[in-house]
Amino acid sequence: LPDLLWPGAQFVAVIENIPNPVDARVAVVADDRECALTEYSAGAPVINVAQPLFLRASALVANAAVPFLCFFEIAESTPLVIGEINIQQEAAPPWGLVIEEVLNEYIHRGLAVNLLLGSVAPGEQAQVFMLSETRYAANEDRCIPPQPVTVDFDTGVAIGQSARSYVNDYIETFAVSFESPLKNVSLMPAANVDFTHFVWLSELDTNQFAIGQEYYVCYTPDRTAPIRIFNALRTPLRVKNIITAVYRDDLDLEKQGRNGTSSRQVNLLVSASLRGTVSCMASLSRGRQKVTREDIEGTVPSFVTVQDRNVDPNDILGRTVGVAATERGNVSVVVVLNQTRIQRIPVMPIGEPPRVYAWCSHERSAIVYPDDADGELIPLDVLDPPPMQYERGAGPGLAVEIVTLVRGVRFSPLIRVYLEQPDFPVIYYDMVRYSVVPPLPAGIEMSGEGNLQTPLTPSALSPDPITYSVTATSREDTFKASSVDFSMSVRESVTCNLLNAKTTDITGQCTINDADNFISEQVFMLISQATLPLTFDVSAFQECYTPSVFLTRAPEAGTTVDMLCQQTSDPGRCCCGTTFPWKDVVQADRNVRVPKQLTVRARNMDCGWAFYSKYVTQYMVVGQQPEFSTETVVVSNSIFEFTVPPRPAAEPLTFELKLDIPWDQCNPEIVGTAGAEKCKQTLALETAELLGASVDQIVITNIRDGTDVPR
């Protein structure tokens with residue numbers, strides 16, 4: 001009988017000196033009385049280890065309730081009790097798993113482990129192998145399946161290989177073709193209370209185990225026995241990867257915002273059963289074949305060609321290597337995606353998000369998860385549109401918050417610029433639609449990219465700034481959006497109002513608007529009889545303005561400016577113009593948000609207006625477009641009217657005028673009567689010119705020495 005038995009263990013009894021082992025039978029009974037009552041047919045055949053005998057019913061099962069062997073020499077002989085079965089222990093030997101000196105509940109694929117054994121046979125003659133629960137069940141709950149039986153029809157003798165040969169062949173075949181080779185059991189260097197022996201399972205051994213299967217430890221106490229009977233030890237071993245799951249990390253999804261799983265990055269939650277470091281990789285495509293740890297960590301030898309690699313390097317979107325898993329459980333891994341390669345992500349059917357493939361590895365295991373070429377499919381969410389701002393097309397990249405425009409002047413476009421991610425969106429799934437509230441002024445449109453169209457020629461006035469809100473809304477998820485506000489006003493370049501109309505001149509108050517798209521330099525007025533047709537474009541001003549004309553600089557702002565006027569070839573029209581005193585002030589030093597005021601005057605003596613006639617005044621401004629470095633003319637749509645009042649009846653006006661000329665030049669006592677008369681004529685001409693009157697209206701009655709006359 002074997003040296004180590006426990007309840008439920010199978011065993012064989014070796015019985016010597018049997019004349020006819022073919023007919024002999026053995027049964028297990030409670031006592032002599034039960035043996036006497038046992039039928040021959042209830043016994044198990046006796047095994048001759050050297051002859052073709054079978055194992056189907058020859059292995060007995062240890063049971064403390066039936067501890068005796070009952071022997072039949074032949075079918076007709078009286079049965080005899082020939083021995084007592086000694087069950088040495090009450091239960092199967094216990095086992096334990098140690099990984100790097102730490103007890104574990106599982107075998108981890110790809111990680112070496114020590115299988116510890118206790119309460120087993122002394123010495124180092126024992127052997128074990130692992131058998132999956134599926135195969136164990138197929139073996140009729142045995143480590144080694146029952147031996148097939150072939151019986152000679154004539155003699156009734158079993159034919160075929162011997163029981164010993166059958167066991168040996170099965171084990172050798174199993175070791176070669178199945179997941180666990182036969183292992184010798186060794187004594188522990190220092191035994192403890194629970195365990196005395198161990199079996200070393202290498203990384204290659206555990207790599208063969210399948211996730212989801214449980215494995216029985218099949219044990220035989222003596223590998224030198226005539227027939228090795230293997231029994232399963234207690235409960236089966238459980239197998240798991242160090243990494244047991246990889247899935248998208250949706251924890252605190254509402255707080256993730258632009259840091260969620262999207263075209264920018266993949267957030268993975270990796271379940272690891274051991275401490276260590278975790279590495280992950282994301283790809284556009286499946287692997288060509290099973291992915292390895294070297295693929296994930298980027299340590300594939302350089303001599304391996306692109307075509308021979310397990311994953312196409314051009315499809316690898318990103319890797320994150322060496323994330324610490326300080327505790328067993330879940331560890332978060334963020335893989336930042338290559339923004340150039342992600343653009344090639346396949347377009348999915350409507351309603352399905354794009355997906356990437358992910359694999360992860362643990363530093364203590366050669367097995368990756370998932371252990372295949374297919375990877376873990378990770379769906380991507382819509383990426384929230386990033387914050388945005390508007391910049392001028394010709395500007396330095398500064399945010400535009402206030403825009404002041406002059407009507408009818410081209411303006412470089414306002415470019416929508418995304419902050420944080422200027423190239424957004426990079427994949428089809430993140431595309432957005434743009435909207436603006438309230439509607440933009442007439443002549444300004446928004447492009448499909450959210451830019452304000454160029455060339456911009458605003459035609460509708462909005463003198464007061466209006467706040468506009470531009471929103472980029474995801475096409476796939478309308479709850480994801482980004483907005484930016486800016487204010488815009490569209491003004492007339494110049495507006496003038498009549499202050500006073502006299503017989504001799506008119507005075508007007510002009511409001512001039514500089515803007516982001518226009519810097520004023522000169523103003524022109526076209527004064528026409530009210531009966532003449534009006535044209536509101538630069539052609540109407542052609543005779544009084546050409547780009548080469550330079551008008552005399554106006555005096556400082558705040559005084560009345562006399563405009564240079566001339567009648568045109570078209571009767572009834574007169575052009576007047578002047579240069580602004582601030583012409584040379586550069587745009588950077590001008591406040592384009594604040595209008596400028598200028599009082600101007602035009603004289604009748606230059607324009608020849610008729611008394612009692614009505615006239616219409618048009619006006620335009622000449623200036624520069626700083627963004628295009630071009631001179632621009634803007635004709636206002638506004639006018640003002642005036643009527644020339646009649647000249648009142650002339651009445652003599654007597655006054656004295658002190659002149660700073662030497663008295664000796666006009667003293668009759670020095671220059672004589674003729675010289676004094678000539679002095680009067682000269683002074684009359686100069687006074688007429690000074691007063692804008694004709695010389696016949698000036699009568700000089702007397703000239704005297706003014707030395708003592710106060711000013």
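This is a predicted model, so every value here is computed, not measured. Side chains are part of it too, since the values below use all heavy atoms of this structure and drop only hydrogens, waters and symmetry mates. Index from 1, following the sequence.
Side-chain contact of S469 with D485: a donor-acceptor pair under 3.5 Å is present, judged by distance alone.
Between C574 and C607, the two SG sulfurs come within 2.5 Å of each other, short of that mark. A disulfide bridge connects C510 to C496: their SG atoms sit within less than 2.5 Å of one another.
Here the shortest heavy-atom pairing between F541 and M525 reads CE2-C, 4.0 Å. Between I639 and Y619, the closest heavy-atom pair is N-OH, 3.5 Å. The minimum heavy-atom distance linking V600 with M563 is given by the pair CB-SD, 3.6 Å. A pairwise comparison of heavy atoms in Q665 and V671 identifies O-CG1, 3.6 Å as the closest pair. Nearest heavy atoms, L317 versus S283: CD1-C, 4.0 Å.
Side-chain contact between T504 and R603: absent, with no pair of heavy atoms (C-beta onward) separated by less than 4.5 Å.
In terms of modelled atom types and a separation under 3.5 Å, the side chain of Q339 and the main chain of S263 share a donor-acceptor contact. Of the possible donor and acceptor atoms, one in the side chain of D514 sits under 3.5 Å from a partner among the backbone N and O of S520. Distance alone, capped at 3.5 Å, is enough to place a donor-acceptor pair between the R416 side chain and the E449 backbone. Distance alone, capped at 3.5 Å, places no donor-acceptor pair between the Q509 side chain and the L499 backbone.
The residues R341 and D315 are annotated as not salt-bridged, no charged nitrogen and carboxylate oxygen being separated by less than 4.0 angstrom. Using a cutoff of 4.0 Å between basic side-chain nitrogens and carboxylate oxygens, R248 and D381 are scored as salt-bridged. Using a cut-off of 4.0 Å between Lys/Arg side-chain N and Asp/Glu carboxylate O, D570 and R573 are scored as salt-bridged. Using a cut-off of 4.0 Å between Lys/Arg side-chain N and Asp/Glu carboxylate O, R593 and D516 are scored as salt-bridged.
Aromatic ring orientation, F642 versus F640: tilted (interplanar angle from 30° to 60°).
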